[in-house]
Structures are given as C-alpha cells and as structure tokens.
There are 2 protein chains.
Amino acid sequence: MLFPCSRGRKSSREKILDAAAELVAEIGAGRLTLEAVAEKAGLSKGGLLYNFPSKEALLQGMIQRLIDQVSAEKEALRGQAPPGPNLEARLCTAALLKLCGGQMKETASGMLAATAENPKLLDPLRQVIRETLKTLKETSEDVDAALLGWLAVEGLSSYEMHGLSPFSDEDRERILQAVNRLLSKGIAP
Amino acid sequence: MLFPCSRGRKSSREKILDAAAELVAEIGAGRLTLEAVAEKAGLSKGGLLYNFPSKEALLQGMIQRLIDQVSAEKEALRGQAPPGPNLEARLCTAALLKLCGGQMKETASGMLAATAENPKLLDPLRQVIRETLKTLKETSEDVDAALLGWLAVEGLSSYEMHGLSPFSDEDRERILQAVNRLLSKGIAP
DNA sequence: ATTTATATACCGGCTGGACGGTTTAGTTGC
DNA sequence: GCAACTAAACCGTCCAGCCGGTATATAAAT
C-alpha cells in the first residue's frame, strides 16, 4: 500500500478521499462524479485521474481506507481494553462505535458509493467480515452475545450511514452501555 | 394507495417493482435505468412511464412497497405471537427476519436505489423508523433488550442487503434464537 | 556549470456515448 | 371507446476517460 506522493501535510490522495466521502453524504452515492470530487478536493479532473486512474480505483481507495480505519482503531484499542470475556467482540463494537461518533456517514460512504457503482468493489470488505465472524466464533466466551453485540452495532452503523438514525446522543449512549453489558455480563435481570 | 391497474394476476406495477429490485441486486443501485427495468419487466419504456411517470416515482414505489411488506408481515404475526414481554420488539424482529429469509436483497433494494439517486426519497422510511423507536420505548418491558434485538436484526438485514452477509443458514437460525432469548428472558447465564 | 533527460504532479479541453424524459402515432382487449 | 399499453424517434444533458500541455525538481551527461 505505498503510493507516489507522501511528503508534507495532507496528500492529494487523502484530500480526494475526504472530498469524495463528503460528497456522497451531501448529494447521494449515485451522483458522485469525478468533476465534483476534483473541485471539492481543490484540483482538476486531470489531477484526480492522475492519483486514481479511474473511478473504480477511487471507489476501491474509499473501501480500503474504511477497512484500514476500522482495523487501526481496533488495534489501538487492544492495548487499553479492560480484561474480561468476549474481548474481540468488545474491540469490534468499540472501534465501530468510535467511528460512528458524528462521522459515520462520511466514514462509510465508500460502501454506499461502491454499492451504487459496482457491488463487486465490496469484495475486500466481504473478506474482512468473514474473518471477523470466524474470529468471534473461535475466541468468544459467549458466542451468542458476541454475535448480537456485533450485529447491533452494525445495525446502528447502517442507520447512521443511510441517514436513517432516529437516535439521540442519549439513545446512542444507552445502546453503547447495553452492548457493553451484554458482552461483559450478559443482560438478564 | 390506490393505483389504476389492479385486476388479474400480477399487475404491471408489481412486475416493474420486482424487475427493478432484481436489477439493483444484479448490477448495482446506481446503474438502474428505466430502459433496463422495462426490458426486464417485459414491457416497453413507454409502458413503464405510463405506470410510473418518472424515475423518482418508481423509486418512491419501491420504498413504499418495502414499508408495506414489513408492516403487513408484522400485523400478520401479531395474531399468532406467543404471550410474553417485549411484544413489539419480537414482532419487529420476526417480521424483518422473515423477509430476510432468502430475499432480503431484493426486498430492501429500494433503499439502495433511493440512497443512490436521492436520499430524500427515504423520508417515508425515516418516519416509520422514528415511530418504531417510539413504540419500542413506550411498550417494552426491557427497553435495552428491545433496542439491542431490533438493532441486531437491522445489522443482519444490512449485511444481507449489501450482499455482505457471511452467515450460513445455521448462523441465522442461531441468531434468531439468540434474539428471541434476549427479548423473552434476557441472555445472561 | 550548463545542458539534457526523466519523473512527478497536475491542468483543462474534448469527445463519444449513454441516459432520462417527452412525444407521437399506432394497437390491443375489455 | 377508453384504458393500457407498444414502438420508435428525438432532445438536452451529463460524464468518464483520454490527451496534449505545463511547471517543478532531481539526476545524468557533457
């Protein structure tokens, strides 16, 4: 994953990916055009195509960054996670929820853009999800709770991503704590 | 919600909505064109525009059908649901899971198509979701469990919808039972 | 030291094709 | 005779990808 430019401040690639993500949230995944992305990123269409040789490449870049962000967040949390059962599930949910905080729509907009353009672009994500399921099944003390917690956070993410979330900050806080309780102690009375 | 044609077998409207849903799953939400839908539905473009006077109208129809299907499923289950706590949550999850069974991708493809084209088209869905949350909060014996169960099923639906689900039929069965246990008894040891 | 060459990073105009939507004129079946 | 179409042409718009240029920097050759 090395790419040409990387010296000084924010690279053009980063600026482009940011711009694309914001645009998806603003105008809809299917309306994403190279020209609009270029303008928002502050360069020309030619410059954009220099960094990403095709629209597909741009979408792939968006997906890959999403994967990398979640993975990095998970590893960052691994060091400081409190001991207890269902560690992997707690890391997964905490990482996702952290990215949910206020910017999930942008973070996940690559998914929407890729779904709109060409569902095959989601293949790398498919792989990651399959591995996550495998890990959860193998390492969780309470697999049912781990699956439920994971899926609940995915459900929340999905709502945020589509701009469908009816939840207030209090609601989100409550859900976060319920998931933690589910994973560390079960949830019964 | 009455529309011109409705006599005999499957109406053109239904055929069109089916065709559109399948196309979204096949080629991506953003690639949906009127011509392709018309061809798949077995009529001409003119005929399609006779039934849905614009592409927006078609997408609205897809969203509305999704809402109606879930709602109908819920009411159908209400009569035969076993007594116990968190009734509304159990109805929601059961209805969604029933639609998940093998055809969620088609059922929910309207969401993807609308997201791609114009996020505002999801407004009716937003309304339904807000009401669902309100009902769950007001009527659930264990609100935390109700929210978690609901979100978990939404997470599962989201994976199915995007074709990202890593779950086997056994997995789904296990999740279904875990959700039921969560809603009727809590989940702790 | 000066010229030449090569690579990076980007500009911006152009084109060919596709798509949404309209219109018109005709057809089928109840 | 009207509803529910078919068939086909047509228009305006949009957009991805291409291509010829430009500016800067570093390196190599002379």
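Numbered from 1 within each chain, the chains take letters A, B, ... in sequence-line order. Hydrogens, waters and symmetry mates play no part in the numbers below; they use all other heavy atoms, side chains included. In this text, all values refer to a predicted model and were calculated from it rather than measured experimentally.
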Atom CG of B/Leu43 to atom P of D/dA8: distance rounded to whole Å? 15 Å

Whole angstroms only, please: what is the CG-P distance between B/Leu58 and C/dC19? 15 Å

Only residue of B/Arg13, B/Arg65, B/Lys40 satisfying salt bridge (Lys or Arg N to Asp or Glu O under 4.0 Å) with B/Asp18 is B/Arg65

Where along nucleotides 14-21 of chain D does protein come under 4.0 Å, by heavy atom, of base (B) or sugar-phosphate alone (S), with - for untouched nucleotides? -SBBB---

Within the structure, does a side-chain N or O atom of [X] lie under 4.0 Å from either OP1 or OP2 of [N]?
{"X": "A/Asn51", "N": "C/dC10", "value": "yes"}
{"X": "A/Ser12", "N": "C/dA9", "value": "no"}
{"X": "A/Tyr50", "N": "C/dC10", "value": "no"}

Is there a side-chain contact between [X] and [Y] (heavy atoms, below 4.5 Å)?
{"X": "B/Leu48", "Y": "B/Ile16", "answer": "yes"}
{"X": "B/Ile67", "Y": "B/Gln127", "answer": "no"}
{"X": "A/Gln60", "Y": "A/Ile63", "answer": "no"}
{"X": "A/Arg31", "Y": "A/Leu23", "answer": "no"}
{"X": "B/Leu133", "Y": "B/Leu147", "answer": "yes"}

